[in-house]
Amino acid sequence: MPSRKTNPEFMTGVPELLILRLLTEREMYGYEIVQAIEAATGEAIKVGEGVVYPILHALEEQGCLSSRKKPVNGRTRVYYAATATGKKRLGLLMGEWQRITEAVGAVVKGTKHANA
Amino acid sequence: MQTPEALIRFDSLRERLIQGGVARRHVKRTLTELHDHYDDALDDGLAQGLSREAAAEAAWQRLGAEDEIVGNVLARPELQSLPARYPRAVFGAGPMVLWFFATLLSGFLIVGVLKGLQFVGVLPPPRTGIEPLWLQNLMTAVVYFYMRILPVIISATMVIAAARHGLAFRWALAGGISVAALSAFSTFSLIFPTVVGESGELSLGFGLSAEELPGALALITAYVMLILAAAWLGHLRRTRRTV
């Protein structure tokens, strides 16, 4: 079975950040989250869609997410929403992400400058 | 609606998660949500005009590689079962703790039942009569069960569970054998009053006289053989599931 994973070396922690960000806006179920990530990132970020569930379950265990079951069209969906703890964690992750992207950006710009 | 191939794949995933020490509730939950996700992806494929086989394969591919899913679940300690997180404590000390509390709890239960029977008049009030033979036999059997049989059941169950989940097998074996040894070297006696007005007596102890030693050694050998048989069964079950 081929993997849908793209640029895995940059992916550590990114799905968690994206999931928390999306779930602070509104509650969603797993399939919906994956669709939202692909739509929001213009399919630049694709993960094996099954990977989203361990992240959701772990975040819920940490108290960052809450879940509720809701019957929709004969299927029971598990909807997730960010909790106050989740929002705090998102703040930390976004700060960390900003720090990393700025650092990497500075190096990349420096390299370009040196090559020019 | 899943294809037989998908069901086999989900079954393989379930086995790998269980054997990886993931808590049962998380295995069940992950599988349920993956099933639903797969069904949604399958519906999408069919809506796009794919054949059922092509839609099923596309849905499976969207879920990602089995190794990737398993790796991501196993990387999350929050999703691991208690025995997987603390194998030494659960399998090493667990049998002893379980035996102790099960015996303590059942002791209270027996006393409660006896008091209840006395209260409703099925049994004579304390020290006003002699317990009927059936009750004496029943109580002796219960004490025998807790002192001689329950430790082996607990040890065997722990060893099977450890073997089944590939966890701390040596600790499970050590914990089981410790309980078996404690059971074999413990003594108990239950004396019922023979005269109205006398009190009964239940005594539990540890340690044996020289004459009792061969019997205890035979008992512990039998216990260890049973525990090893359980270990073999657990290992066999794990191997069969993996194949």
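Numbered from 1 within each chain, the chains take letters A, B, ... in sequence-line order. Hydrogens, waters and symmetry mates play no part in the numbers below; they use all other heavy atoms, side chains included.
- Annotation: Y53(A) is in aromatic contact with H37(B) [ring centroid separation under 6.0 Å].
- Between R75(A) atom CZ and D39(B) atom CG the span is 4.5 Å, to the nearest 0.5 Å.
- In summary, of the residues considered (E78(B), E33(B), R25(B)), a side-chain contact (heavy atoms from CB on, under 4.5 Å) with H57(A) occurs for E33(B) alone.
- The local environment of NZ in K70(A) is crowded, with over 12 non-hydrogen atoms from other residues, nucleotides or ligands closer than 6.0 Å.
- By the 6.0 Å contact criterion, CZ on R85(B) is enclosed, its count of non-hydrogen atoms from other residues, nucleotides or ligands being greater than 12.
- For chain A, no part of A75(B) is nearby; none of its heavy atoms comes within less than 4.5 Å.
- We find that R29(B) and E61(A) are not joined by a salt bridge, their nearest charged nitrogen and carboxylate oxygen being 4.0 Å or further apart.
- Using a 4.5 Å cut-off between heavy atoms, E32(A) does not touch chain B at all.
- Summarising the geometry of T76(A) relative to D36(B), their closest heavy-atom pair is O-OD2, 3.4 Å, with the distance given to 0.1 Å.
- More than 12 heavy-atom neighbours from other residues, nucleotides or ligands sit within 6.0 angstrom of CH2 on W99(B).
- Residue F145(B) qualifies as enclosed at atom CZ: its count of foreign heavy atoms under 6.0 Å is above 12.
- Taking all atoms of both residues into account, the shortest heavy-atom contact from A58(A) to R76(B) is CB-CD, 3.3 Å.
- Atom CD of E60(A) is separated from atom CG of L79(B) by 10.0 Å, given to the nearest 0.5 angstrom.
- Residue E68(B) holds its CD atom at 10.5 Å from CD of E49(A), rounded to the nearest 0.5 Å.
- Nearest heavy-atom pair, G50(A) versus L34(B), reported as atom, atom and distance to 0.1 Å: CA-CD2, 3.5 Å.
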